[in-house]
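Worth knowing before you read on, the calculation uses all heavy atoms, side chains too, and leaves out hydrogens, waters and symmetry mates. What you see is a predicted model; the values in this text were computed from it and never measured.
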Amino acid sequence: MAAWLLGLRVCGTGDPRRRVPASMPCFSVLLLFLSGCAHTPCPVLQSAAIRRETLTLESGGPRVVIQLAYRPGIVARHPSILMMGALAPDELPEWSADLVDAGFMLVAFTVYHEPDPDPTRRPVWLFWDQRFAHGYTLGGQRAPVDAARVMDFLAQRPDVQPDRFGWFGSSSTGIPGLAVATREPRLAAVVAFVSTGAYRQWFETWHTNGLWQGVTPELWPETEELLHEHDPIRRAAAMYPCAVLLVCGAEDPIVDPDTARAFFAAARPAYAADPERLRLVVYEGFGHNLPVDVVRMYAEHWFRMYLQPQNAAPVAGK
C-alpha cells in the first residue's frame, strides 16, 4: 500500500492557435480576455512566483515539520489543503498546480512521534500483521491531535483563512484524514482515494483477501482497546458538515471497497440535510492505483466547490 500523493499538471486551456479577428472592437477583445480568466487563472495573477516555506513546531507535542507552497497575492487569505508527508523541492504535486494558481495553499506536514521502544513491535511497511494493524490504529488516535496543532499554527497567520482547511490523501495518507474528519470540526473538505474509516472491518479483510502475514490471527489487546475508542467508523456521524469525497477501486484487495462502503453507510444518516456533501465513487475495473486523471479531476472539483478561495463556500443544509 504505497503512500503516494499523485496527480497530473492541469495545463491552461488557452489555445495559442486562436486568433482575434482584426475587425473585433477593442472592448470585445477585453471581454474575451476577461471571460477566459474566469476559467483559466489569469497570467497577470500567476506572475507571482510560488513561495515555499519550511517551518518547525517544537512545543505542544512531538516535533512537526511543515512545508508550505502558495502564490502570494492571488488572494488575501488562502484556504489550506493539508497533506501528510513532504513536498518535492522543485515541483508541486501535479494535481495541485491549478489549485495553487487559484489561491490555495498546500500544507505538507510530518510529525516525529517516538517509535515503540521495543524494536520487535514496530510496524514493518507492507507486512500485514499485528504490528501493521496497531500502527494504523495508533495513527487514527494521533492524526486528529497532530492536525489540530498544524491548524492552530496556520490559523494565526494573516494570510490563511482560519475556517477553510481541507485534507488530501490516498491510502496511508487518506486513511488518517478520515479519522481527523471525525474529530476536528475545522476540517471543511476531505478528498480521500482508496481509503477507509472502518478500521476493524479493514483489518478483517487482510485475512479474507490473503494479505495477513501474522503468526496468529488475533490483534493485540492494546489494538482492540484503541479500536473501541478510535476506530473512525464509531464517530462517522460527527463528520457532518465536513464535505467528504471517497474514491475507490472496485477490485482493490488492499483497501477493500466494502470497508469504504461501510464507513459511508455509517456517516450517511448525519448528512440527510445535505447528502451531496458525502460522496462515494467506486471505479469498476480498477484496484489500488486509480488513473492519475481521476485523482486530478476529483481533487480540483471538490476543493473548488467546498474550499473556494474567494467566493462563499456552499452552506450546509442549503
Side-chain angles (χ1 to χ4, degrees), residues 5 7-16 18 20 26-27 29-57 64-110 147 149-168 186-191 243 295-315:
L5 301 174
L8 286 177
R9 181 175 304 281
V10 183
C11 299
T13 57
D15 187 343
R18 292 175 61 186
V20 178
C26 293
F27 180 68
V29 174
L30 177 62
L31 286 179
L32 177 63
F33 174 77
L34 292 177
S35 65
C37 289
H39 302 282
T40 303
C42 295
V44 174
L45 295 180
Q46 290 185 23
S47 62
I50 292 175
R51 180 174 296 172
R52 293 174 177 271
E53 300 179 34
T54 299
L55 310 154
T56 303
L57 303 183
V64 184
V65 175
I66 302 172
Q67 294 177 304
L68 308 180
Y70 61 98
R71 288 190 186 272
I74 302 296
V75 293
R77 286 176 172 252
H78 303 274
S80 305
I81 301 174
L82 276 62
M83 304 175 291
M84 297 182 77
L87 296 173
D90 55 355
E91 62 182 359
L92 299 176
E94 291 189 272
W95 60 265
S96 70
D98 274 11
L99 292 172
V100 172
D101 287 346
F104 289 83
M105 174 184 286
L106 302 185
V107 181
F109 69 97
T110 302
R149 289 178 64 201
V150 175
M151 292 182 194
D152 289 344
F153 169 76
L154 292 171
Q156 298 175 26
R157 290 176 58 110
D159 60 346
V160 169
Q161 295 193 40
D163 60 344
R164 296 196 185 185
F165 293 110
W167 186 286
F168 174 94
R186 289 174 294 180
L187 199 61
V190 172
V191 180
V295 175
R296 180 189 66 229
M297 175 180 66
Y298 281 109
E300 281 211 8
H301 171 73
W302 202 251
F303 288 133
R304 285 182 184 273
M305 182 159 60
Y306 287 106
L307 216 64
Q308 170 59 239
Q310 301 186 63
N311 301 327
V315 177

Arg71 and Asp101 have their tightest heavy-atom pair at NE-OD1, 2.5 Å
When rounded to the nearest 0.5 angstrom, what distance separates CG in Asp163 from CG in Leu307? 9.0 Å
In short, Ala69 meets Ile50 closest at the heavy-atom pair CB-CG2, 4.4 Å
Rounded distance (nearest 0.5 Å) linking atom CD1 of Ile81 with atom CH2 of Trp95: 4.5 Å
Which residues pass the ring pair (Phe, Tyr, Trp, His ring centres under 6.0 Å) test with Phe303, sequence neighbours left out? none
What pair of heavy atoms forms the shortest contact from Gly103 to Pro79, and how long is it? O-CD, 3.5 Å
Sorted by chain and number, sequence neighbours left out, side chain to side chain contact (heavy atoms under 4.5 Å, CB included) with Thr110 holds for Tyr112
Which pair of heavy atoms, one from Ala243 and one from Trp302, lies closest together, and at what distance? O-NE1, 3.0 Å
Residue pair Gln67, Phe109: steps toward the side chain to side chain contact (heavy atoms under 4.5 Å, CB included) verdict: CA-CA 6 Å; Gln67 294 177 304; Phe109 69 97; over 6 Å; no
NE2/His301 to OH/Tyr306 distance, rounded to the nearest 0.5 angstrom? 7.5 Å
Measuring from Ser96:OG to Glu300:CD, what's the distance to the nearest 0.5 Å? 9.0 Å
Listed by chain and number, what are the side chain to side chain contact (heavy atoms under 4.5 Å, CB included) partners of Ala88, not counting sequence neighbours? Asp90, Glu91
Interatomic distance, Leu87 atom CG to Leu106 atom CG [nearest 0.5 angstrom]: 6.0 Å
Measure the CZ-NE2 distance between Phe104 and His78 for me, rounded to the nearest 0.5 Å. 11.5 Å
Val75 and Ala102 have their tightest heavy-atom pair at CG1-O, 4.3 Å
Less than 4.5 Å apart, any side-chain heavy atom of Arg149 and any of Ile66? no
Using a 3.5 Å cut-off and no angle test, enumerate the donor-acceptor pairs between side-chain atoms of residues 151-161 and protein atoms at least two apart in sequence or in another chain.
from   : atom 1 : to     : atom 2 : distance (Å)
Asp152 : OD1    : Arg186 : NH1    : 2.7
Asp152 : OD1    : Arg186 : NH2    : 3.0
Gln156 : NE2    : Asp152 : O      : 3.4
Arg157 : NE     : Asp159 : OD1    : 3.0
Arg157 : NH1    : Glu53  : OE1    : 3.0
Arg157 : NH2    : Glu53  : OE2    : 3.1
Arg157 : NH2    : Tyr70  : OH     : 3.4
Arg157 : NH2    : Asp159 : OD2    : 2.9
Gln161 : OE1    : Arg164 : NE     : 3.1
Gln161 : NE2    : Arg77  : O      : 3.1
Gln161 : NE2    : Pro309 : O      : 2.8

